[in-house]
Amino acid sequence: MKILTTVKRVTDPDMKVRIQPDQSGIVTEGVEYKMNSFDEYGVEEAITLKEAHGGEVVVVSIGPGAATKELRTAMAMGADRAILVETDADLDSDAVARVLAEVVGREEPDVIIMGKQAVDSDRSQTPQILGSYLNWPQATFAYKVEIEDGWAVVGREVDGGTATKRIKLPGIISADLRLNEPRYASLPGIMKAKRKPLETLTPDDLGVDIAPKVKVLNYEAPEERGAGEMVDDVDDLINRLKDEARVI
Amino acid sequence: MKKYPQFTDEHEMYRKAVRDYCEKELAPNAEEWEDNRLFPREVFKNMGELGFFGARYPEDVGGSGGDTWYTAVYAEELPRCKMAGLAMAMLVQSDMATPIINEIGSDEQKEEFLAPAIRGEKIAALGVSEPGAGSDVAGIRTTAKKDGDDYIINGQKTWITNGSRADFITLAARTDPDDRYGGISLFLFPTDTPGFAVGNKLEKIGNHCSDTAELFFENCRVPSRYLLGHEGAGFYYIMQNFQGERLVGALTGTAGAQIVVDNTIKYCQEREAFGRPLTGFQVTRHKIVDMETRLEACRTLSYHATDLFDRGLPAQREISMAKLMVGEAAMEVIDQCLQLHGGMGYVEEGPVARAWRDTRLLSIGGGTSEIMKEILSKLMNL
């Protein structure tokens with residue numbers, strides 16, 4: 001079974017985000033980068049499936065040359081080879097999906113497993129748009145994946161509970177955070193990752209126009225949260241929630 | 001930002017793996033394991049499976065064949081577990097009790113002791129110190145008497161890290177009572193040997209989650225195939241082995257102190273007194289800069305020693321200096337951090353107390369500061 005998985009190089013979600021003075025983006029100076037955490041679940045699941053069913057895990061990233069670090073990390077965890085579609089542009093979800101669709105056309109995987117969203121832009125659109133371009137079935141927000149006889153049975157997290165969906169492969173699965181516990185890269189894994197193949201392409205090589213359809217006009221920081229307030233008792237709390245906050 | 005160009009992407013990837021593991025899997029248990037005076041045995045197994053013990057061991061014994069900078073990364077990230085005792089136990093396993101097996105051990109000895117230690121299946125301890133001989137290694141009295149194809153071991157060891165549950169001990173014993181330096185030999189001693197007993201676990205002022213034990217040997221019979229290297233060459237092997245041990249001590253000590261300083265900087269930026277943050281006072285800022293500068297000097301000297309060691313060049317001078325400098329600086333810096341935290345520094349649930357206690361060991365363990373100075377005096381022909 002050939003499994004394609006994706007990783008995005010994102011700004012460290014634990015850092016304090018600062019907006020540039022002209023509101024054109026966030027300040028990237030001195031910022032640490034890491035693999036999108038939802039993609040860690042995707043990579044882990046891809047490797048687990050390979051361990052159970054055999055086959056190959058191909059990991060794909062779209063981003064700057066530095067994203068080779070995240071690809072090497074995925075290979076240190078156990079992915080077999082990597083493809084970087086190198087661009088310094090900030091792609092919208094549609095462009096990402098079109099680039100991936102071309103990669104999928106070349107690789108012809110049996111299943112695609114990707115993070116449900118990137119923790120930097122938090123859009124959660126790419127798996128769904130990709131499903132549409134490929135005309136493949138999709139099961140998003142997976143907390144459980146089982147593959148049998150050319151089908152995937154996917155437990156999904158939905159509002160108010162869970163749902164189970166069965167999709168015919170090839171298909172797309174997007175990973176939620178309860179899907180698994182991503183493994184740590186072992187040192188032998190890290191050493192091996194150095195020697196695994198990493199192919200670099202450009203959006204041009206794939207014939208994809210990455211000009212954005214969605215334009216971000218400006219970035220604004222959310223309003224600073226005020227200090228908390230101590231209330232005297234539960235009754236007071238309920239009254240204040242009713243009358244002042246109007247949330248109950 | 002701090003950048004040290006000797007670290008490659010692979011080193012940084014390894015750094016992240018060790019750091020994540022220590023922060024997520026170990027640090028949350030710190031209070032419990034410290035209270036229990038022991039951390040679970042599985043930690044050895046888990047770290048072994050991740051290849052953390054095998055950084056610079058060759059692949060044929062299950063290592064990764066990396067350079068010494070991998071060892072440096074590992075030594076620097078272990079303190080993220082917030083227990084110097086656990087960090088020390090791991091360093092004993094990977095860099096104190098086992099390197100000598102790799103250097104002089106037979107293939108059979110590597111197979112039986114080194115490989116399972118790297119996998120984390122066998123816990124290793126280093127048995128040198130005795131009640132009457134610590135840094136004065138030539139003063140040991142534990143004896144190993146040749147008897148046919150065996151050696152009979154009698155004596156006592158103390159201050160042995162991992163001692164209460166080690167599966168084997170890299171053990172120094174006297175094979176010739178009359179030859180002070182040339183009469184010491186090393187053995188690989190399985191702790192299921194009849195006549196071996198673990199005495200009291202020693203209560204220490206710090207490193208609480210690590211077991212430190214007294215060990216007793218009464219007519220313990222070991223086959224001569226467990227003699228490590230040549231009979232009578234033990235003193236030389238131990239001195240050689242000390243270099244790696246002191247180097248990782250300097251690296252981990254600097255990194256541990258740096259974590260406390262980084263946390264102290266955050267605290268001083270947030271904590272207000274007299275209407276401004278503590279960093280609003282020049283005295284605080286200058287104190288912080290002094291601490292950062294001292295640690296940078298410690299790190300740079302430790303890295304220089306690492307570089308020489310990695311190239312296989314003589315490094316005893318630089319390693320002794322690094323061990324001496326870090327042992328003293330880390331204590332003083334963390335003491336200042338405690339002072340800056342005020343009451344929060346003195347209480348047990350604060351972020352400094354444990355590190356303050358644990359760090360006291362640095363100028364004692366692995367050779368005291370005074371021994372480092374004696375070594376350096378000799379090297380300088382004073």
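So you know, we letter chains A, B, ... as the sequences are listed, proteins then strands, and number each from 1.
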Could you tell me which non-hydrogen atom of B/G51 sits nearest to which non-hydrogen atom of A/P188, and how far apart they are? CA-CD, 3.8 Å
Where B/A17 and A/A185 come nearest, the two heavy atoms and their spacing: CB-O, 3.4 Å
Should we count [atom1] of [X] as having more than 12 external heavy atoms under 6.0 Å?
{"X": "A/K196", "atom1": "NZ", "result": "yes"}
{"X": "B/E272", "atom1": "CD", "result": "yes"}
{"X": "A/K8", "atom1": "NZ", "result": "yes"}
{"X": "A/K194", "atom1": "NZ", "result": "yes"}
{"X": "A/R18", "atom1": "CZ", "result": "no"}

Could you tell me the separation between the [atom1] atom of [X] and the [atom2] atom of [Y], rounded to the nearest 0.5 Å?
{"X": "B/D20", "Y": "A/R183", "atom1": "CG", "atom2": "CZ", "answer": "15.0 Å"}
{"X": "A/Y184", "Y": "B/F52", "atom1": "OH", "atom2": "CZ", "answer": "8.5 Å"}
{"X": "B/Y70", "Y": "A/I190", "atom1": "OH", "atom2": "CD1", "answer": "7.5 Å"}
{"X": "B/Y21", "Y": "A/S186", "atom1": "OH", "atom2": "OG", "answer": "13.0 Å"}

Listed by residue number, which members of residues 53-81 of chain A have a heavy atom under 4.5 Å from any heavy atom of chain B? A/K69, A/R72, A/T73, A/A76
Salt bridge (Lys or Arg N to Asp or Glu O under 4.0 Å) against B/R276, all qualifying residues, sequence neighbours excluded: none
Looking only at B/M13, B/K24, B/E12, most heavy-atom pairs under 4.5 Å shared with chain A are made by B/M13
Side-chain heavy-atom pair A/M191, B/E10 within 4.5 angstrom cut-off: no
Residues of residues 41-48 of chain B contacting chain A, heavy-atom criterion under 4.5 Å, by residue number: none
Toward chain A, the part of B/Y74 with a non-hydrogen atom under 4.5 Å: neither
Salt bridge (charged side-chain N to carboxylate O under 4.0 Å, His left out) contacts touching residues 65-81 of chain B (sequence neighbours left out): B/R15-B/E76, B/R15-B/E77, B/R19-B/E77, B/E23-B/R80, B/E77-B/R80
